[in-house]
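Structure first, commentary second.
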Amino acid sequence: MNKLILIDGNSIIYRAFFAMPPLTNTKGLHTNAVYGFTNMLLRLIEDHKPTHMMVAFDAGKITFRHEGYQEYKGGREKTPPELSEQFPLLKELLRGLGIAQFELSGYEADDIIGTVSKLAEEADNQVLIVSGDKDMLQLASDRVQIGLTRKGVTEIEAYNPEQIMERYGLTPLQIIDLKGLMGDASDNIPGIPGVGEKTGLKLLHQFGSVEEVLANTHELKGKMKEKIEAHSDDAILSKKLATIFREVPLDKSFDEMVFDGLKEETAGPALAHLEFKSLLERLSFDAKGGVENGDDTPDVPARELEVKIIDEGNINELATVLDKIEVMTAETYGDNPHHAEVVGLAFSSQEAHYFVPFDVLKTEAAEPLRAWLAEPTAPKRGYDLHRVDLALHWHDIPFAGAAFDVQLAAYLLDPTEANQNINELASKYGLAGLASDEIVYGKGAKYKLPDTAVLSEHLAGKNAALLEMIPMQQQELDKNEMNELFHDLEMPLSRILADMEKQGIAVNKDDLMKLGKEFEAQIKTLVDEVYEIAGTEFNLNSPKQLGEILFVKLGLPVVKKTKTGYSTDAEVLEKLAPYHDIVRLILQYRTLAKLQSTYVEGLLKEISPKTGKVHTYYRQTIAATGRLSSQYPNLQNIPIRLEEGRKIRKVFVPSEPDWYILAADYSQIELRVLAHISDDPGLKEAFVHDMDIHTKTAMDVFGVQAEDVDANMRRSAKAVNFGIVYGISDYGLSQNLNITRKEAAKFIDNYFDAFIGVRRYMDDIVKDAKRDGYVTTLLERRRYLPEINASNFNLRSFAERTAMNTPIQGTAADIIKLAMVHMDAALAREKLQSRMLLQVHDELIFEVPESELEIMKKLVPETMEKALKLSVPLKADVSYGLNWYEAK
DNA sequence: TAATTCACG
DNA sequence: ACGTACGTGAATTAC
């Protein structure tokens, strides 16, 4: 017989919150209620040894009870923020503890519990319901006990029907009648005024039910009779409201509630994350989930898996079952996939695991396997296939047909926790028994590859985890309506990115070295001058030594401090420039030193000897907003704002003679997106007429005509527009414009008066985020904001600004990604030689043969503008030249 | 490995 | 009262 524990999550967390003294973790989040809740859970598990557990939560503010009675739960005190911020923490912890949690929009936790307990007792199981709410007593039966919290939260008093009879003289169902008569102030259930527990019990002992009481009021007298007769409707309504609904359409089975003990590998990290050290000790769990073993010898993975190790002789065993292969994992070595070693590949079907050492993959006998890898119609599922594609490419093994990338799916499901490796993902999905990479390989300097037997089994373990994970992720993608985003945008994009990266962009090495020589000479002069003025030689790159010179030796005023000492950043130096000639020189030095080390030397190091190009690596799972990031080298931050730096762009050239670099960038994409999602009439009109948006903003904020907008007004308006996109704060704007906070606040207020739709958007999106715990882009990309209800001002404000910014930045990212997918298709469809090379957030860069210049000048901006239909037009400007500098 | 600085959108 | 603008990556110093 099974033993189920069903917990009323909302009720218990409330109790715990008020019962426990305040407690915060090092990040400033309150954790006392979660702590109390956890203590109670551990106690329950120890005392009752349940086979199944489930925590139910209320979902949404409006429930079916509001249909008949809109004032239900009206007038209730707002949940204190110190408590609301703990809900996401609790839910995350429950996942780590392996305890199921249910919620269903429109129903309360007690309805879910009522429904599950009904099913459970019908199936002959034992049930313990845990709550702080006496209403639950109505669910008691010979199979269902009700545990009510006493005083604190860890003490629980269990009731069965006999004990309820002893205590109240009522059957469980009569508890509903009692509440019908008494009402409940906290839920705003009226009941009959003047009837409390005592009178209610007396009436029920006499008549048995609310209906009988009302039918027999003639047997009563005095004030009591009047009140009951006057409020008979209230009593009926109250009884209805107090009745737990036991037919909730829950699409859940008991299997989903199975609890087979706390697993150290998931519970440990979850408890450690909350900084519950005492609980970790009590359970003697390790914060890392018990994966540390203290010595260097690799552990044998927990799962015993049989792996067929493939060699030239037995490769047919794999070749004949390729159509059954469901997942693959490639073991690569090295951070930069363009230079990564490939150690071997593991393939798994539902029946068997295979490991192919890389040397074997290169043999003639492996041709069928290589053909399968290269075949676009043969679907590949795995983790970070983009990296696999690149690594194989540089070893001359083509790869195609990526159909499901677990890393990418994880990124969409939670972009802030995406760079989880397979092990972390596996524990997230409750799949145990995977040895961690650290154990198998050792970490840091001790990193070394284990022998084939250990490695192949480890990879097979990963494959086994992937096999189980993929359907779970697919289900979650379905639930979040992210199928299109995943299958039609991000998956195709990952192949396009790989193509761009393999193509690379040519760099004129000689010119770059010449530029480096020029910088070197200028830097030398500047350094000498600085030493001369300072009267001593020191390390100009050291903020510490520089601070010493500026603020101690030269006695300049300290403008700003950092954690470790004086700040010497550009903003500070600008302020100091009037005081001393040395400061200008230092600023110039900084500019040139940056260009030299990052862009000349850095770029030179990245030029491939093989291709004479740089091949960046776009990362698709880093930025929380949905943007790409670029590494080895980063080609998304090549200088442009200052002329000295902009010259760097001259060395980026077409890779073929008589070709051109063509660049197209979206004009004001983020503000256009804002106009669309805020539906602000003024902003929309500005873009429909393609006005200069900063001038238009200045006109509306300052209340002047276009011709009266001076440069300063436009500059301020531009800063306000930036601020709006970033999630505005008066403080941030005041810093940016170097004005007082009051003046900045005034600007913002004027802006919101002029663009009321934008104000409404900002208010609504923050409200939505507080309600849902996440925000989304137009294409349903999602970002969770667990700190949106934090009581810590800084944490909460940051989350609020993120809530405002992410749908804007993220939708812009969606749009250019769409444009890239469409552009890739267009180049193929039109059979063009032109190649897409780079993406820089709102800009696409191509290399184009002269013969295709005319068509590309039209096709690129057109494709970009049509990527997604908004309520305002999108605009893209195009230009071209002999190098990236000229394409401006 | 963390902190600081600075390049980009 | 609180004290930050949103999102990245790379180079460098200092611990």
Side-chain angles (χ1 to χ4, degrees), chain A residues 28 335 415-416 444 538-547 560-573 586-587 589-603 605-606 616-619 622-642 644-646 648-649 665-670 674 719-737 741 744 748 775 783 790-810 812-813 816 838-844:
Chain A
D335 287 333
T416 49
F538 63 100
N539 186 346
L540 244 180
N541 288 323
S542 161
K544 197 178 166 197
Q545 293 181 36
L546 177 61
K560 193 166 69 172
K561 289 202 141 207
T562 67
K563 271 186 220 168
T564 52
Y566 310 112
S567 172
T568 67
D569 66 21
E571 198 192 316
V572 169
L573 295 183
I586 294 167
L587 279 164
Y589 168 82
R590 281 260 177 94
T591 308
L592 289 169
K594 176 82 177 180
L595 294 175
Q596 183 75 314
S597 67
T598 304
Y599 297 102
V600 177
E601 290 165 6
L603 214 47
K605 276 185 232 157
E606 294 291 345
T616 191
Y617 172 42
Y618 285 110
R619 299 204 57 184
I622 297 291
T625 52
R627 279 189 174 182
L628 299 176
S629 89
S630 156
Q631 283 180 316
Y632 317 128
N634 181 354
L635 293 183
Q636 291 183 319
N637 69 347
I638 302 300
I640 188 166
R641 292 172 189 169
L642 301 174
E644 299 121 288
R646 193 173 193 156
I648 297 282
R649 296 187 170 223
D665 66 308
Y666 280 114
S667 157
Q668 302 296 352
I669 187 164
E670 291 188 336
L674 174 63
V720 172
N721 278 331
F722 269 97
I724 291 292
V725 169
Y726 292 156
I728 195 140
S729 75
D730 49 13
Y731 186 84
L733 183 65
S734 73
Q735 290 295 296
N736 192 283
L737 280 178
R741 223 177 64 193
I748 294 167
V775 291
R783 178 174 183 180
S791 57
N792 179 311
F793 175 87
N794 277 328
L795 291 179
R796 187 178 66 247
S797 305
F798 188 62
E800 288 171 357
R801 290 196 300 274
T802 311
M804 300 185 228
N805 169 267
T806 295
I808 303 172
Q809 191 181 120
I816 194 161
L838 302 176
Q839 187 253 42
V840 193
H841 309 307
D842 64 353
E843 181 182 15
L844 294 176

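Atoms considered below: every heavy atom in the structure, side chains included; atoms not considered: hydrogens, waters and symmetry mates. Every chain is numbered from 1, with letters handed out A, B, ... down the list of sequences.
- Formation of a donor-acceptor pair under 3.5 Å by the A:T616 side chain with backbone atoms of A:P633 is found in this model.
- Put simply, the side chain of A:L844 does not reach to within 4.5 Å of the side chain of A:L838, judged on heavy atoms.
- For A:E601, taking side-chain heavy atoms from C-beta onward, the closest of the listed nucleotides C:dA5, C:dG3, C:dT12 is C:dT12.
- Across the protein-nucleic acid pair, A:Q839 atom CD and C:dG7 atom P stand 17 Å apart, rounded to whole Å.
- Minimum heavy-atom separation, A:P807 to A:T802: CD-O, 4.2 Å.
- Remark: P of C:dC6 and CD of A:Q735 are 13 Å apart, rounded to the nearest angstrom.
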Exercise for review: Any chance you could list the contact pattern along nucleotides 2-9 of chain B? Use B for base contacts, S for sugar-phosphate-only contacts and - for none, protein heavy atoms under 4.0 Å, 5' to 3'.
Suggested key: -SSSBBBB
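- Between A:Q545 and A:F538 the shortest heavy-atom distance is OE1-CB, 3.6 Å.
- No donor-acceptor pair under 3.5 Å is formed between the side chain of A:R801 and the backbone N or O of A:S729.
- Going from atom CZ of A:R619 over to atom C1' of C:dT8 covers 12 Å, rounded to whole Å.
- Using a 4.0 Å heavy-atom criterion, one finds that A:A803 contacts no nucleic acid atom at all.
- Nucleotide C:dA11 holds its P atom 17 Å from the CG atom of A:L592, rounded to whole Å.
- The distance from atom CD1 of A:I808 to atom C1' of C:dC6 is 9 Å, rounded to the nearest whole Å.
- Across C:dA14, C:dG7, C:dT4, the shortest atom-to-atom separation from the side chain of A:T625 is found for C:dG7.
- For the pair A:Q631 and C:dT8, the criterion of a side-chain N or O lying under 4.0 Å from OP1 or OP2 is not met.
- Remark: A:R796 is not in phosphate contact with C:dC2, judged by side-chain N or O atoms under 4.0 Å from OP1 or OP2.
- Of the side-chain N and O atoms in A:S630, none sit less than 4.0 angstrom from OP1 or OP2 of C:dT8.
- Protein atom CD of A:E606 is 14 Å distant from nucleotide atom P of C:dG9, rounded to whole Å.
- Across all non-hydrogen atoms, the minimal contact from A:Q636 to A:V840 is O-CG1, 3.7 Å.
- A:L603 and A:L635 make their closest contact through CD1-CD2, 4.3 Å (heavy atoms, listed as atom of the first residue, atom of the second, distance).
- The residue A:A624 sits close only to the backbone: its heavy atoms come under 4.0 Å of sugar-phosphate atoms, none of a base.
- Mapping A:F798 and A:R741 onto DNA chain C by nearest heavy atom places A:R741 at the nucleotide closer to the 5' end.
- Projected onto DNA chain C by closest heavy-atom contact, A:T598 and A:G732 fall at different nucleotides, the more 5' of which corresponds to A:G732.
- Residue contacts shown for A:G723 include a base, since a base heavy atom lies under 4.0 Å away.
- A salt bridge links A:R796 with A:E800: at least one charged nitrogen is closer than 4.0 Å to a carboxylate oxygen.
- Residue A:K544 has its side chain nearest to C:dA14 when only C:dA14, C:dG9, C:dC6 are considered.
- When the C1' atom of C:dG3 is taken as reference, atom CG of A:N792 falls 11 Å away, rounded to whole Å.
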Practice item. Applying side-chain contact (heavy atoms from CB on, under 4.5 Å), run through A:N736 and A:F722 and close with a yes or a no. Key: CA-CA 10 Å; A:N736 192 283; A:F722 269 97; over 6 Å; no
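- Protein atom OH of A:Y617 is 11 Å distant from nucleotide atom P of C:dG9, rounded to whole Å.
- For A:S797 and C:dT4, a side-chain-to-base donor-acceptor distance below 3.5 Å is absent, hydrogens and geometry of angles not being considered.
- Contact detail for A:L674 and A:I724: the closest heavy-atom pair is CD2-CG2, 3.4 Å.
- In this structure, the aromatic ring of A:Y731 is positioned over the six-membered ring of the base of C:dT4, centres within 5.5 Å and planes within 30°.
- By the 4.5 Å heavy-atom criterion applied to side chains, A:V600 and A:L595 are not counted as neighbours.
- Side-chain to base pairing of A:R783 with C:dG7: no donor and acceptor N or O lie closer than 3.5 Å to each other.
- Looking at DNA chain C, the stems built from 3 or more consecutive Watson-Crick or G-U wobble pairs, each pair with its key distances under 3.5 Å, are B:1-9 with C:6-14.
- A:N539 comes within 4.0 angstrom of sugar-phosphate atoms only, judged by non-hydrogen atoms across all strands, and of no base.
- Nearest nucleotide to the A:F793 side chain, out of C:dC2, C:dA14, C:dT4: C:dC2.
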